[in-house]
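Both counts, for ligands and for their atoms, begin at 1 and track the order of listing.
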Amino acid sequence: MEWKTIIEPFRIKSVEPLGFTTRQERLKLLEQSHYNLFNIRAEKVLIDLLTDSGTGAMSAAQWGGIMIGDESYAGARSYYNFENSIKDLTGYEEVIPVHQGRAAEHIIFSMIGGHGKYMVSNSHFDTTRANVEASGAEAVDFPAKGALDFDKPGPFKGNMDIEALEKFIKVKGAKNIPMCVMTVTNNSLGGQPVSMENLKSTQNICRKYGIPMFLDCARFAENAYFIKLREKGYNQTPVREIAQQMFELADGAMMSSKKDAFANMGGFLAMHNTEWAAKARQLLILTEGFNTYGGLAGRDLEAIAIGLREVLDENYLQYRIRSTAYMGEGLMRLGIPIVTPPGGHGVYVNAKKLMPHIKPQNFPATALAAALYLEGGIRGVGIGTLMFGRRNAKGDFLPADMELLRLAIPRRVYTQSHIDYVIEVFGHLVKNKKAIKGLEILEAPKALAHFTAKLRPISKGREDSVEGKGRRNKELLYPKP
Ligand SMILES: *Cc1c(COP(=O)(O)O)cnc(C)c1O
């Protein structure tokens with residue numbers, strides 16, 4: 001018998017209380033935190049969907065591993081467990097531990113980047129882009145056609161646009177392109193997967209021009225499971241084998257273990273190239289630590305080694321992908337526009353389409369995040385104009401192309417009733433959506449404004465200026481280039 005109900009494939013041994021607050025308290029907290037949910041104490045959040053990074057629940061086996069972590073400075077047993085787990089999975093000979101994904105990015109791009117170089121990708125994640133740019137190189141994305149059409153579902157909307165990629169290589173010259181990065185799943189575009197076929201085609205092009213292809217594999221297991229579900233010829237293949245085939249196509253990988261390794265901290269850089277690895281280890285010692293710990297405690301290495309095996313359990317992956325889709329379907333039933341289909345690690349609500357009464361310069365995605373917290377104590381994050389707004393050379397303000405509210409789902413943390421609650425709160429919110437007001441800026445730094453900006457609800461007659469009349473510092477928030 002195939003049962004219809006897909007259950008959480010774990011039972012709960014250790015629990016944490018949730019932070020209940022009243023609407024009145026939350027209104028006060030919102031005012032105190034200047035309508036920026038990054039400034040709210042986590043204790044005051046009931047359901048925290050800010051990120052799936054480092055927020056997962058570790059298993060009893062992982063906690064057991066924590067207790068037997070070997071904290072020796074050099075040659076710790078936990079390092080060898082970590083190395084073996086990664087070698088078994090990826091087949092790469094060189095394994096370099098780092099404290100989190102961006103440290104791997106910093107090391108590799110400071111080695112191969114620099115002015116006049118281009119890194120190409122299906123979509124660089126924001127820290128990946130920042131590290132490419134910090135080296136002086138340019139990060140260029142080639143998302144598949146249709147990836148930005150949020151309403152139209154597709155099985156592999158995370159894919160690379162192969163033709164655009166090859167055209168670019170021909171124009172810029174392969175010698176100026178030190179790496180192609182395939183992000184699996186494609187985080188910036190809604191956690192959408194990349195097909196095996198697309199990985200193969202990208203690898204063919206990279207081989208043809210002698211460009212190394214690396215996976216940014218934070219969510220490799222979710223991607224592999226999507227291949228099993230959606231790509232022809234894989235429905236009988238064990239997910240572990242699919243993942244191994246993905247790694248086999250690439251020359252190396254960088255990973256944030258805060259995602260598909262169920263760890264609260266950690267990451268790695270792994271590859272075949274021994275010369276690159278030797279260079280990387282020199283940089284590792286400079287900023288992270290010795291080769292066999294790289295910025296991590298022995299116990300972290302142990303937890304990652306175990307997590308990388310656990311994440312390929314197909315009962316887990318079935319539950320993971322199904323539970324994300326469950327939230328997405330619940331919101332769609334309420335008529336809420338989301339990025340379809342739901343991705344692996346979260347649901348992205350299209351705030352622009354949901355609330356056309358809020359102008360982009362009044363930050364619809366951020367306003368929706370604040371409203372969701374006010375009504376239900378739920379924390380998501382706005383991805384839109386507050387993050388990506390800019391000004392052209394003439395001084396005109398250019399809002400972001402998209403206004404999305406990301407609801408990321410921590411791994412193994414919330415149950416179905418928590419998600420039912422989120423859906424119920426949204427039901428209330430959409431009925432009263434006209435009452436949701438845009439926001440204006442009181443104070444904000446010029447870079448990465450979304451983390452620390454201070455905002456307040458916009459008052460009547462002030463909706464047209466992105467600078468917001470109530471602002472304390474009067475200079476342009478989004479300066480001319
Ligand atoms: C999270 C993430 C990173 C960065 O990893 P950190 O551990 O947060 O430094 C890089 N790439 C992708 C695709 C990610 O999701």
**Student:** N186 and side chain to side chain contact (heavy atoms under 4.5 Å, CB included): which partner among S121, S123, P193?
**Tutor:**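 Testing N186 for a side chain to side chain contact (heavy atoms under 4.5 Å, CB included) against S121, S123, P193 leaves exactly one candidate, S123.
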**Student:** For residues 43-50, please give each side-chain donor-acceptor pair under 3.5 Å, one per line with the distance, not counting sequence neighbours.
**Tutor:**
| from | atom 1 | to | atom 2 | distance (Å) |
| --- | --- | --- | --- | --- |
| D48 | OD1 | L50 | N | 3.3 |
| D48 | OD1 | R379 | NE | 3.0 |
| D48 | OD2 | R379 | NH2 | 2.8 |

**Student:** Report the relative orientation of the aromatic rings in H418 and Y414; use parallel for angles under 30°, tilted for 30 to 60°, perpendicular for over 60°.
**Tutor:**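 Plane angle over 60°, so perpendicular.
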**Student:** With a 4.5 Å heavy-atom cut-off, do F156 and I227 have their side chains touching?
**Tutor:**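 They are in side-chain contact.
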**Student:** List for me each residue that meets ring-ring contact (aromatic ring centres under 6.0 Å, His included) alongside Y234, sequence neighbours excluded, and say none if there are none.
**Tutor:**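 Result, ring-ring contact (aromatic ring centres under 6.0 Å, His included) vs Y234: none returned.
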**Student:** Which protein residues come within less than 4.0 angstrom of ligand 1, counting heavy atoms only?
**Tutor:**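 Only Q100, G101, R102, E105, F125, T127, T128, T183, N187, D216, A218, R219, S256, K258, K259 have heavy atoms that fall under 4.0 Å of ligand 1, ordered by chain and number.
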**Student:** Apply salt bridge (Lys or Arg N to Asp or Glu O under 4.0 Å) to R129 and list each qualifying residue two or more places apart in sequence or on a separate chain.
**Tutor:**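 Per chain and number, R129 pairs via salt bridge (Lys or Arg N to Asp or Glu O under 4.0 Å) with E133, D141.
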